[in-house]
Amino acid sequence: MSASGLARRGALVAAWGAVVVLFGVLEPHTFLTAANFQTIFGSQAVLVVLTLGLLVPLTAGDYDLSIASVLTLSAMVVALLNVDHGWPIGWTIAAALLSGVAVGIVNGALVVLVRLDSLVVTLGMSAFVSGIVLWISGSRTIGGVSEALVGPVGVSQFLGIPLGFYYGLALCAALWYVLEFTPFGRRLLFAGRGRRAARLGGVRVGRVRFIALVASATFAAAAGVLYAGTTGGADPSSGASYLLPAFAAAFLGATTISPGRFNPWGSFVAVYFLWTGITGLQLHGASGYVQQLFYGGALILGLALSRLTGGARATEIEP
């Protein structure tokens, strides 16, 4: 591999290191502490899992704007069933994941069978699911989720970092393996790069897109379970703030590790690069609006750079 190719693959990692050095110089007593890095790595598991799920339909050339509302639905299902109805935590997790699967099946059916645009379908589904959450919760915030979930997600630690980080890391490795080394991963990529050509090559594009949308919603539901375990509860707007960061990390991640492709490790690095920068700016005195500036700018930059590399073509939707 050429030096320029290596530079492109490692550019975001290098930028992340530069951000650490910059804020280490500016705020050495608050930024360069074990507690700060434990917080950075331990606070983004929900976003990591949500972004990983988003990568699957993006790779196939579809959008899923319903992921944040599915996260909220899943977290609320956990809180309602466990706190209000006394269900064991294992059954509540299963119900929460099944709620995500159900949303994914509806999304997939409308996009693949009815041939509606994924952007419009999932936007409408987002609003619909948000209404369901308000209905089943009575617009309440529900706390007191069992320690059987809170402990293994947000309390128990390994090397000073909550276990939620390692769940996200494990899912990232699993998705990377599927996308890189399995026939389904190759079909997913072919479907996203050119559906007509993929059909001519024998790929069942409709089935691939359907599975991708179901997988996205299931990952979002898993992120909702992590959210409930991290916060100990749920509220009707739990996932609202995660949609923009997930897209920002997905597109920015497509510029590194495997440039021009939506890839799990690139998105993993992007999530922590963005949050490291936000944390540094906040410690340096920046106001709360810096999150919106950072995530919005990262989405635009990632989209532009992905276009320039000739890949990550989720913006070119074919029928």
Side-chain angles (χ1 to χ4, degrees), residues 44-58 62-85 87 92-112 114 116-145 149 210 212-250 288 291-292 295-296 299 314:
Q44 298 302 295
V46 173
L47 180 56
V48 166
V49 175
L50 191 69
T51 305
L52 291 174
L54 180 61
L55 296 182
V56 184
L58 285 178
D62 285 308
Y63 292 97
D64 188 352
L65 299 182
S66 67
I67 53 171
S69 61
V70 173
L71 184 159
T72 305
L73 175 64
S74 172
M76 188 58 71
V77 167
V78 170
L80 274 172
L81 295 181
N82 181 245
V83 178
D84 286 4
H85 299 284
W87 282 33
T92 63
I93 291 173
L97 294 177
L98 285 174
S99 71
V101 172
V103 173
I105 288 173
V106 175
N107 282 341
L110 291 173
V111 171
V112 175
V114 187
L116 300 179
D117 185 89
S118 63
L119 185 69
V120 177
V121 167
T122 57
L123 179 61
M125 183 60 71
S126 176
F128 182 80
V129 171
S130 295
I132 291 177
V133 172
L134 290 170
W135 174 36
I136 65 175
S137 67
S139 301
R140 296 176 298 145
T141 296
I142 302 174
V145 170
L149 177 62
F210 183 90
L213 288 166
V214 173
S216 176
T218 305
F219 268 79
V225 172
L226 286 179
Y227 181 94
T230 301
T231 64
D235 66 83
S237 60
S238 299
S241 63
Y242 285 95
L243 185 62
L244 176 60
F247 272 90
Q291 287 195 38
Q292 300 301 317
Y295 285 131
L299 177 57

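- Listed by chain and residue number, nothing satisfies the side-chain hydrogen bond (donor to acceptor under 3.5 Å, both in side chains) test with T141 (two or more places apart in sequence, or in another chain).
- Annotation for F210 and V112: closest pair N-CG2, 3.8 Å, computed over non-hydrogen atoms.
- A side-chain contact (heavy atoms from CB on, under 4.5 Å) with V225 is found for exactly one of L71, V77, V49, V78, namely V78.
- No option in V121, N107, V106 other than N107 meets the side-chain contact (heavy atoms from CB on, under 4.5 Å) test with S66.
- Applying the side chain to side chain donor-acceptor pair (under 3.5 Å) rule to pairs touching residues 216-229 yields D64-S216, sequence neighbours excluded.
- Scanning both residues, A250 and L54, for their nearest heavy atoms gives CB-CD2, 4.1 Å.
- Across D235 and S238, no two heavy atoms sit closer than the pair O-OG, 2.6 Å.
- Across all non-hydrogen atoms, the minimal contact from V111 to S118 is CG2-CA, 3.7 Å.
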Apply the test side-chain contact (heavy atoms from CB on, under 4.5 Å) to residues F219 and T51: give CA-CA distance (whole Å), side-chain angles for both, the deciding distance (0.1 Å), then the verdict.
-> CA-CA 9 Å; F219 268 79; T51 305; over 6 Å; no

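- Here the shortest heavy-atom pairing between T72 and P236 reads CG2-O, 3.5 Å.
- Considering all non-hydrogen atoms of both residues, I67 and A246 come closest at CD1-CB, 4.2 Å.
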Should L65 and F247 be marked as a side-chain contact (heavy atoms from CB on, under 4.5 Å) after you check the CA-CA gap, both sets of side-chain angles, and the distance that decides it?
-> CA-CA 9 Å; L65 299 182; F247 272 90; 3.5 Å; yes

Show your working on side-chain contact (heavy atoms from CB on, under 4.5 Å) between Y63 and L58 and close with a plain yes or no.
-> CA-CA 6 Å; Y63 292 97; L58 285 178; 3.9 Å; yes

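- One finds the CG atom of L226 at 8.0 Å from the CG atom of L149 (value rounded to the nearest 0.5 Å).
- In terms of the side-chain contact (heavy atoms from CB on, under 4.5 Å) criterion, residue partners of A221 (sequence neighbours excluded) are, by chain and number, V70, S74, L97.
- Screening residues 134-143 for salt bridge (Lys or Arg N to Asp or Glu O under 4.0 Å) gives D84-R140 as the qualifying pairs, with residues at least two apart or on separate chains.
- For the atom pair CG of L213 and OG1 of T122, the computed distance is 8.0 Å after rounding to the nearest 0.5 Å.
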All N/O donor-acceptor pairs, side-chain side in residues 126-137, below 3.5 Å, sequence neighbours left out:
| unit_1 | atom_1 | unit_2 | atom_2 | d |
| --- | --- | --- | --- | --- |
| S130 | OG | S126 | O | 2.9 |
| S137 | OG | V133 | O | 2.7 |
| S137 | OG | S139 | N | 3.1 |

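- Atoms OH and OG, on Y242 and S237 in that order, are 11.0 Å from each other to the nearest 0.5 Å.
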Would T92 and H85 satisfy side-chain contact (heavy atoms from CB on, under 4.5 Å), going step by step from the backbone distance to the final call?
-> CA-CA 10 Å; T92 63; H85 299 284; over 6 Å; no

